[in-house]
Amino acid sequence: MRNGRCGQLEQKQMTREMTGAKMVVEALKEQGVDTIFGYPGGAVLPIYDEIFLQNDIRHILVRHEQGAVHAAEGYARSTGKPGVVLVTSGPGATNAVTGLTDALLDSIPLVVLTGQVPTFMIGSDAFQEADTVGITRPCTKHNWLVKDTDKLAATLHEGFHVATSGRPGPVLIDIPKDVQFATGTYEPAKPAASRYQPIVKGDMAEITELVAAIETAKRPLFYTGGGVINSGPAACQLLRELVDATGIPITSTLMGLGAYPASGENWLGMLGMHGLYEANLAMHDCDLMINIGARFDDRITGRIDAFSPNSKKAHIDIDPSSINKVIRIDIPIVGDVGHVLEDLLKVWKSRGRKVNREAIAKWQQQVGEWRKVNCLAYTSSQKTIKPQHALERLEALTKDHDRYITTEVGQHQMWAAQYLGFEDPNRWMTSGGLGTMGYGFPASIGVQVAHPESLVINVAGEASWLMNMQEMGTAAQYRLPVKQFILNNERLGMVRQWQELLHGERYSHSWSESLPDFVKLAEAFGAKGILCSDPADLDDAKGDDHLRWTGDL
Amino acid sequence: MSALHIKEGSTGHSAYNLRPTFSDVQEKHTLALLVENDPGVLARVIGLFAGRGYNIESLTVAEVDHTGHLSRITVVTTGTPQVIEQIKAQLGRIVSVYEVHDLTVEGSSVERELAIFKVVGEGNQRVEALRLADIFRANVVDSTLTSFIFEITGAPEKIDAFADLMRPLGLAEVARTGVAALLRGV
Ligand SMILES: Cc1cc2nc3c(=O)[nH]c(=O)nc-3n(C[C@H](O)[C@H](O)[C@H](O)COP(=O)(O)OP(=O)(O)OC[C@H]3O[C@@H](n4cnc5c(N)ncnc54)[C@H](O)[C@@H]3O)c2cc1C
Ligand SMILES: Cc1ncc(C[n+]2csc(CCOP(=O)(O)OP(=O)(O)O)c2C)c(N)n1
């Protein structure tokens, strides 16, 4: 802020009187929002009226509020900007709960606005009343019920600040209808005035200790995660510089794919339960594990007492609660990945760019031996389409495109993670922490809205896809050329896989029966569908659909 | 701000000890939180303990700075050192929690609790109850021919001890406030 009278004057002019509903639109504009995903209802009609009266913000009408939240997640993950959702009170808000929980677990910044019954009716079991802030308290990073129009603009700005600062996450702002109608004073954003200011710079003593450990380690390994993507493209660039300069191998979680390029020399592939053999053995045998923005999820660690028993562990994370939550850490660094890597590189360079080259060369050799096992190999077939083959062909035919991939949840999701290569961050959208079937299709819609010219593909299982198939209507209405790549195995594949392994092959309710004809289904929405059941036709089927607008089956 | 003063130079993160102290020993810690006095904040704190399976031994809350709308929550909890560190880190994540202090590690602290006891009895029992109350410096705040209400302030252990003694003498009802605590010195 400028000082003196000039600054004061300017501030006076910027605070204006308007209705709460108008404030919502003004605040969104001030926050640079270009798109919102939503579904109207009685308690948000004043806001919808304001949306009708302007052209700066595009509203995408979904077919179910869960779809709106996942679409906003796809938008957010593929742009690095917060996703914005607008839904009505009661059922509108409760339908958003799954998406909110998904975004909370995967650290996706969202601002969800819900309508609420008028303040004077709250607590009376009014029509479409639900205790939205109560219901969503455990599935948001923070939430607010705004009871005073004068506080609405400031709360909206604070919502954006909280959603995007520190560890990102979803926030919800519940706005009673009378607050939307009433007039109040619009306050411009003042993020610096917020009390919420997470630490982003890492402690220099800890960073120096990590540099010293890197200088001497014989079998060092980077274990990176979604936090690198959250930190942004600059952080990914610094990570690439660090990996390439040190020659240290790198693996990543499901959420961190693309931070380091899959074609990179030091790339080991994904780790964890469905990860690559070489990545998991490297995790087990390393002597220095450098966790950058990952959270030691149980899909990674397995049994805690057997997890990488002989390594010194460093952990860079913006959220102190992620550190020492499950795994004991020797070098804890609280801070933003980008900031910490910048300092780390500075210190490492100033100390002479040292690593134990000889030992690392041997370590690389060992890793090379493990790679030769070629754990992703499968026996191909002339008769049926192996999913692995389908994904290999998808990779071959689309990797040179400006491509974004979303997935549903199940075996197909894991195959996509294993067989597709990600060269850049923000190109891979998947539901990791919550594992929400039905995420991928609406997410692909959100991605396509943000990147209208790009190739957006949702790799899906038939069962997951059915969970939010109503969004075909949205894709058709906005002419979004999303591709739905459905691997139809007529079963809940991942459930069946567990029943096979752990429940004596008793396949209880894991069949997909009475499936629709997906080609006709696509056509019913005015899209195009292709059925492919012979491996030989696979390439044609895919080549063909690239430029069409919806539905590849 | 003097009512809130906890320790010179302390920050919102002063309670975090990120160097691991993993052991199986259960420890009791008294945490002091400075929070925004908004209607949801207590629900957030309690919901965190319930949702993540942490213990609450006692919890007190009241606004301590009316102009700044700040409340102070004092929580007594038990857990292994790792769990205690996780509780503090999780509390620190709550957007409307501004400061988290572990009074058990930040220095020696004074802990006080207020309790009122209703003791029903006649004859000798009554005399004995009064005599013990005097030793514990409990005050009589209500009296009938067959009952007393005592008011007692002290560390929780002292209140436990008083309750144990009153039980055979006709202890009928107890109400306790939970612990309020401050670090000693400046
Ligand atoms: C069917 C199924 C199978 C799965 N199998 C696997 C598997 O085999 N392998 C696998 O890896 N995953 C698997 N997952 C995903 C898994 O459940 C977790 O979602 C995933 O491992 C978590 O990734 P992450 O550790 O990168 O953490 P994220 O959830 O991405 O969390 C990011 C971490 O970084 C921190 N952070 C955020 N922003 C910043 C910043 N700016 N600076 C610093 N730190 C930051 C956060 O505090 C957090 O600790 C599977 C999921 C499903 C549904
Ligand atoms: C909403 C929801 N319900 C249930 C599950 C449990 N679940 C995980 S994977 C899976 C089967 C998915 O089947 P499909 O989409 O066909 O994919 P496939 O595993 O066959 O590739 C189920 C039921 C879930 N993850 N999400």
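These numbers come from a predicted model, not from an experiment. Numbers restart at 1 for each chain; the letters A, B, ... are given by sequence-line order, proteins then strands.
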Atom pairs and distances, donor-acceptor, side-chain atoms in residues 42-54 of chain B, under 3.5 Å, two or more places apart:
unit_1, atom_1, unit_2, atom_2, d
Arg44(B), NH1, Asn143(A), OD1, 3.4
Arg44(B), NH2, Asn143(A), O, 3.0
Arg44(B), NH2, Asn143(A), OD1, 2.9

Side-chain donor-acceptor pairs under 3.5 Å in residues 138-146 of chain B, sequence neighbours left out?
unit_1, atom_1, unit_2, atom_2, d
Asn139(B), ND2, Glu151(B), OE1, 3.1
Thr144(B), OG1, Thr146(B), N, 3.2
Thr144(B), OG1, Ser147(B), N, 2.9
Thr144(B), OG1, Ser147(B), OG, 2.7

Side-chain donor-acceptor pairs of residues 130-137 of chain B under 3.5 Å, sequence neighbours excluded:
unit_1, atom_1, unit_2, atom_2, d
Arg131(B), NE, Glu128(B), OE1, 3.3
Arg131(B), NH2, Glu128(B), OE2, 3.1

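Around atom NZ of Lys158(B), more than 12 heavy atoms belonging to other residues, nucleotides or ligands sit under 6.0 Å away. Within 6.0 Å of atom CG in Asp305(A), more than 12 heavy atoms from other residues, nucleotides or ligands are found, so the atom counts as buried in its surroundings. The number of heavy atoms from other shown groups lying within 6.0 Å of CG (Asp125(A)) does not exceed 12.
Residue Ser321(A) comes nearest to Arg93(B) through the heavy atom pair OG-CD, 3.3 Å, listed as atom of the first residue, atom of the second, then distance. Heavy-atom minimum distance, Leu70(B) versus Arg195(A): CD2-NH1, 3.9 Å.
Residues of residues 291-302 of chain A lying under 4.5 angstrom from chain B, judged on non-hydrogen atoms, do not exist.
The CD1 atom of Ile94(B) sits 13.0 Å away from the NZ atom of Lys141(A) when rounded to the nearest 0.5 Å.
Counting only heavy atoms from C-beta outward, the side chains of Gln82(B) and Arg328(A) never approach each other to under 4.5 Å.
Annotation: maximal heavy-atom pairing with chain B below 4.5 Å, among Val171(A), Asp319(A), Val162(A), occurs at Asp319(A).
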